[in-house]
Amino acid sequence: MIKKIILLVLLAGVLPATYADTEKALFGGGCFWCMEPPFDKLDGVISTVSGYTGGETENPTYEEVTSGKTGHFEVVEVTYDPKKVSYETLLKIFWTNIDPENGKGQFCDRGSQYLSAIFPLNDEQRTTARNSKSALIGSDILNNPIATRILPASQFYPAEEYHQDYYLKNPARYRYYRNGCGRDTRLKRLWNNVELPF
């Protein structure tokens with residue numbers, strides 16, 4: 001019994017410290033199904049959660065968000081270990097998985113809910129995000145103005161459970177959607193053999 005108590009005390013001391021060592025990041029890159037996989041592959045990323053942010057309605061549903069009337073963006077919340085992966089690295093994953101020139105949505109998806117945006121959660125993230133965007137603007141990588149915005153973070157609402165890890169739960173449907181949307185073709189055209197300037 002004493003051993004169990006000691007173990008519980010030790011775990012109580014370790015778990016909060018471990019949790020405190022994680023940070024979160026919020027990115028809008030169009031369909032959130034497609035934004036989870038590139039972050040999930042990254043060493044140091046603990047989890048990704050598809051959801052909504054930036055709107056007025058509390059606890060919005062997918063149907064409400066996709067109507068384009070709530071002001072929400074489809075986003076992915078990334079929980080990561082900053083000792084293993086930097087926010088700058090997350091930004092590199094973000095930029096190379098969106099079309100920053102598209103100001104009407106992303107790929108085949110149109111509407112404000114599919115616009116690309118970075119939602120910094122603190123001053124350091126805001127500075128790093130702005131620097132990454134400025135570096136891209138100053139480079140000759142893109143042919144058109146960057147439409148991706150850096151916006152104040154607001155309440156994050158997780159999407160319905162069936163949206164979480166959609167690419168793992170429904171791999172055939174996911175691949176069909178992703179291919180049909182032309183996402184990879186456009187990403188290759190934009191980012192193939194490109195070295196980011198930050």
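Index from 1, following the sequence. Everything numeric in this text was worked out from a predicted model, so none of it was measured. FYI, side chains are in, hydrogens and waters are out, and symmetry mates aren't considered; it's all heavy atoms of this structure.
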Legend entry - Cys pair Cys108, Cys181: SG separation below 2.5 Å: yes
Inset, instruction - With the side chain counted from C-beta on, respond yes when Leu136 and Ile141 share a heavy-atom pair under 4.5 Å apart, and no when they do not. - result: yes
Inset, instruction - For residues Glu74 and Asp109, determine if any side-chain heavy atom of one lies less than 4.5 Å from a side-chain heavy atom of the other. - result: no
Inset, instruction - Apply side-chain contact (heavy atoms from CB on, under 4.5 Å) to the pair Leu91 and Lys133, showing each step before the final yes or no. - result: CA-CA 10 Å; Leu91 284 167; Lys133 184 175 177 178; over 6 Å; no
Inset, instruction - Decide whether Tyr52 and Val76 are clustered together by the hydrophobic rule: side chain heavy atoms of Ile, Leu, Val, Met, Phe, Trp, Tyr closer than 4.5 Å, transitively. - result: no
Inset, instruction - Considering non-hydrogen atoms only, spot the tightest contact between Gly29 and Arg183 and give its length. - result: O-NH2, 2.8 Å
Legend entry - Option from Thr148, Asn97, Asp99 for which side-chain hydrogen bond (donor to acceptor under 3.5 Å, both in side chains) with Ser116 holds: Thr148
Inset, instruction - Specify the closest pair of heavy atoms between Leu115 and Gly105, including all atoms of both residues, with the distance to one decimal. - result: CD2-N, 3.5 Å
Inset, instruction - Please answer whether the main-chain N or O of Gln164 pairs with a side-chain N or O of Lys169 as donor and acceptor at a distance below 3.5 Å. - result: yes
Inset, instruction - Test side-chain contact (heavy atoms from CB on, under 4.5 Å) on Tyr166 and Glu36 and set out the steps. - result: CA-CA 9 Å; Tyr166 189 87; Glu36 284 187 6; over 6 Å; no
Inset, instruction - Consider only side-chain heavy atoms of I, L, V, M, F, W and Y, link residues closer than 4.5 Å, and tell whether Phe94 and Ile137 are in one cluster. - result: yes
Inset, instruction - Kindly determine whether Glu58 and Tyr157 satisfy side-chain contact (heavy atoms from CB on, under 4.5 Å), including the steps that lead there. - result: CA-CA 8 Å; Glu58 291 186 14; Tyr157 298 98; 3.7 Å; yes
Legend entry - Pro100 backbone acceptor or donor facing Trp95 side chain under 3.5 Å: no
Legend entry - Any Val85 side-chain heavy atom under 4.5 Å of Leu90 side chain: yes
Legend entry - Over all atoms of both residues, closest heavy-atom pair of Tyr114 and Cys31: CD2-N, 4.0 Å
Inset, instruction - Return yes when atom CZ of Arg130 has more than 12 non-hydrogen atoms of other residues, nucleotides or ligands closer than 6.0 Å, and no otherwise. - result: no
Legend entry - Closest contact, heavy atoms only, Lys24 versus Gln125: O-NE2, 2.8 Å
Legend entry - Pair Ile46-Tyr80, side-chain contact (heavy atoms from CB on, under 4.5 Å): steps then yes or no: CA-CA 5 Å; Ile46 296 161; Tyr80 65 102; 5.7 Å; no
Legend entry - Cluster check Tyr167, Leu42: I/L/V/M/F/W/Y, side chain < 4.5 angstrom: no
Inset, instruction - Determine whether the aromatic ring centres of Phe156 and Phe119 lie less than 6.0 Å apart. - result: no
Legend entry - Neighbour count >12 (heavy atoms, 6.0 Å) for atom CD, Glu124: no
Inset, instruction - Measure the spacing between CG of Asn193 and NZ of Lys188 and express it to the nearest 0.5 Å. - result: 9.0 Å
Legend entry - Shared hydrophobic cluster, Ile93 / Tyr87 (ILVMFWY, side-chain heavy atoms < 4.5 Å): yes
Legend entry - Mutual orientation of the aromatic rings belonging to Tyr62 and Tyr162 [parallel < 30°, tilted 30-60°, perpendicular > 60°]: perpendicular
Legend entry - Cluster link Leu142 to Ile150, ILVMFWY, side chain under 4.5 Å: yes
Inset, instruction - Kindly give the heavy-atom pair with the smallest separation between Phe73 and Arg149, and that separation in Å. - result: CZ-NH2, 3.4 Å
Inset, instruction - For the pair Tyr177 and Trp33, name the ring-plane relationship: parallel under 30°, tilted 30 to 60°, perpendicular over 60°. - result: perpendicular
Inset, instruction - For the pair Ser154 (side chain) and Thr53 (backbone), establish whether a donor and an acceptor sit closer than 3.5 Å, ignoring hydrogens and angles. - result: no
Legend entry - Sidechain-backbone polar pair: Gln113 side chain, Thr66 backbone, donor-acceptor under 3.5 Å: yes
Legend entry - Under 3.5 Å: donor-acceptor pair, side chain of Glu56, backbone of Gly71: no
Inset, instruction - Please tell me if the side chains of Phe198 and Asn131 come closer than 4.5 Å, counting only heavy atoms from C-beta onward. - result: no
Legend entry - Which atom of Cys34 lies closest to which atom of Pro38, heavy atoms considered: O-CD, 3.4 Å
Legend entry - Polar side-chain atom of Glu101 near backbone of Asn144 as donor-acceptor pair, under 3.5 Å: yes
